[in-house]
2 protein chains.
Amino acid sequence: MTRKLETFLERLETTNTVDDLSSLADILRDTYGVKNMSYLATNLNGLPFVSSTYDPKWAQHYEDQNYMLIDPVVRGALLQFNPLDWKQLDWSSKRTREFFHEAVDFGVGRQGYTIPIRGPNGQAAIFAINHDSNDAGWDRYIGEHAHDFMLISHYFHQKALAATHTTEPIEGRDLSPRELDVLKYLGIGLSRGKVAEILKISEHTLRVYVDSARYKLGALNTTHAVAIALARGVIAV
Amino acid sequence: MTRKLETFLERLETTNTVDDLSSLADILRDTYGVKNMSYLATNLNGLPFVSSTYDPKWAQHYEDQNYMLIDPVVRGALLQFNPLDWKQLDWSSKRTREFFHEAVDFGVGRQGYTIPIRGPNGQAAIFAINHDSNDAGWDRYIGEHAHDFMLISHYFHQKALAATHTTEPIEGRDLSPRELDVLKYLGIGLSRGKVAEILKISEHTLRVYVDSARYKLGALNTTHAVAIALARGVIAV
DNA sequence: TCAACCCTCCCCATAAATGGGGAGGGCGAA
DNA sequence: TTCGCCCTCCCCATTTATGGGGAGGGTTGA
């Protein structure tokens, strides 16, 4: 374990408030000698959480222009589990190239590395560092530091969860095996009739399971029940 | 970075097939001196993927008895982002205590440490090690090795994705902002009428967005469209 | 200039979901 | 023994979703 990592993790360990976490962005940028660092979580206790070294004007502009919808970094983070080098993203469209040049004008580095992070209940965060460097230098830098950033990004997220008091929902009781089956099949698009056929039960019976699952999950309708079950990870599509 | 970690990651780096990955379980167990190691992914290219040192009879029994529904390790992994020490799980019910004793009889260690892993599209995996040790010894062991296991579990998952040719779905086009809005609101349980009211559009217009989103996602109905959007991480509940 | 897409709105008819009610057998824990 | 839950099944009436059809204005990129 590098001394930089050890030092930073010790610092992170003693960090407990949202403000302190936010301040760590500057420390990480300086410790690791990159142009920018950012951590953006979208669903901590229902709120976004940002800790970044970006120019606040860039952050505001990014939000005003709804750039999250076209940012290839965000798209890549949604699609992949593995960390992403910005070079491997799709910058081919005019819009994304213009976005990139705007970002650079606001001080964002031309090379970037992003680690997608996912938690329960649709929690998602994106940890990124960026810098100005040539390809070979950046590849070498990432080769040397990828493990550090993998650890830092995950422990940072753990701290963000704690600092924002994000806890897992406990309301509702566990679903029965049949209730899970029903929601699973409905979640992959089958009709109630088809699900009943597959499970060899009547639609009336299936209806009882749907209603019971809705009640246990506190769902307002079937779509909501399926959505909650997916978010909880008890079913998948 | 410890020599053990470095050695294991180098080994992992040259591993590319499902069989080789499965074999790494024994190597990890021996390298780190634990009783058992297991990696279980539920949704790689639509199939489960297991690499573990458990007695195959235990694995079969676990599946036959549907223990995934009562295993506190699984429940904890669904609910939390942070790694879990098995001591912090809820073993209070008679069923879970009996399950635990059965597991021990089959050679599972009494102390355990689990790292939940989540990818896009509802991908989920559970990485766990377990051993027989007293509390203090186990705590010290985990204190020394938590960073190693955090890295190993994530790189292992990356390799499992590659070995199983698990790729992100590309079908369908991006959803428009309004389509995303509509699915988001429907996913948190609002009725079509209420969503139309909130977005200040008519239900007829909302219907067009629902139908368009269904078409783009290849969804069979509205519930399915919401489920796919959630799995893709473009909306959240 | 044209095509594709986004955003907006409407209609008819049918199928499905939901609100709300009823029922019984079996199993396990207190 | 009793209670709570799981699994199973049924009914009526109303509301909502869906199949399938129509329409127009604006913007952007080839």
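Keep in mind that what you see is a predicted model, and the values were worked out from it rather than measured. The chains referred to below are lettered A, B, ... by the order of the sequence lines, with proteins before strands, and numbering in each begins at 1.
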By nearest-heavy-atom nucleotide on DNA chain D, the more 5' of A/Arg95 and A/Val208 is A/Val208
Would you indicate which nucleotide in D/dC6, C/dT18, D/dC9 comes nearest to any side-chain atom of A/Thr222? C/dT18
Whole-Å distance, A/Arg192 CZ to D/dT18 C1', equals 14 Å
Under 3.5 Å, is there a donor-acceptor pair between the side chain of B/Arg118 and the main chain of B/Leu78? yes
Who pairs with A/Asp85 by salt bridge (charged side-chain N to carboxylate O under 4.0 Å, His left out), at least two apart in sequence or on another chain? A/Lys87
Check this one for me: any side-chain N or O of B/Thr205 less than 4.0 Å away from OP1 or OP2 of C/dC10? no
Looking just at side-chain N and O atoms, do A/Ser133 and A/Gln111 make a donor-acceptor pair shorter than 3.5 Å? no
What nucleic acid atoms does B/Asp211 come within less than 4.0 Å of, heavy atoms only: base, sugar-phosphate, or nothing? nothing
At 10 degrees resolution, what angle do the end axes of the helix from C/dT1-D/dA30 to C/dA30-D/dT1 form when each is taken over five base pairs? 60°
Look at the side chain of A/His204 and decide which nucleotide, out of D/dC9, D/dT18, C/dC6, has an atom nearest to it. D/dC9
Heavy-atom donor-acceptor pair, A/Arg207 side-chain to C/dG19 base, under 3.5 Å: yes
For residues 204-211 of chain B, which side-chain N or O atoms pair as donor and acceptor with protein atoms under 3.5 Å away, sequence neighbours left out?
from     : atom 1 : to       : atom 2 : distance (Å)
B/Thr205 : OG1    : B/Ser202 : OG     : 3.1
B/Arg207 : NE     : B/Asp211 : OD2    : 2.9

How are the rings of B/His61 and B/Tyr67 set to each other: parallel, tilted or perpendicular (split at 30° and 60°)? perpendicular
Identify which nucleotide among D/dT8, C/dC6, C/dC7 has an atom closest to any side-chain atom of B/Arg178, counting heavy atoms from C-beta outward. C/dC7
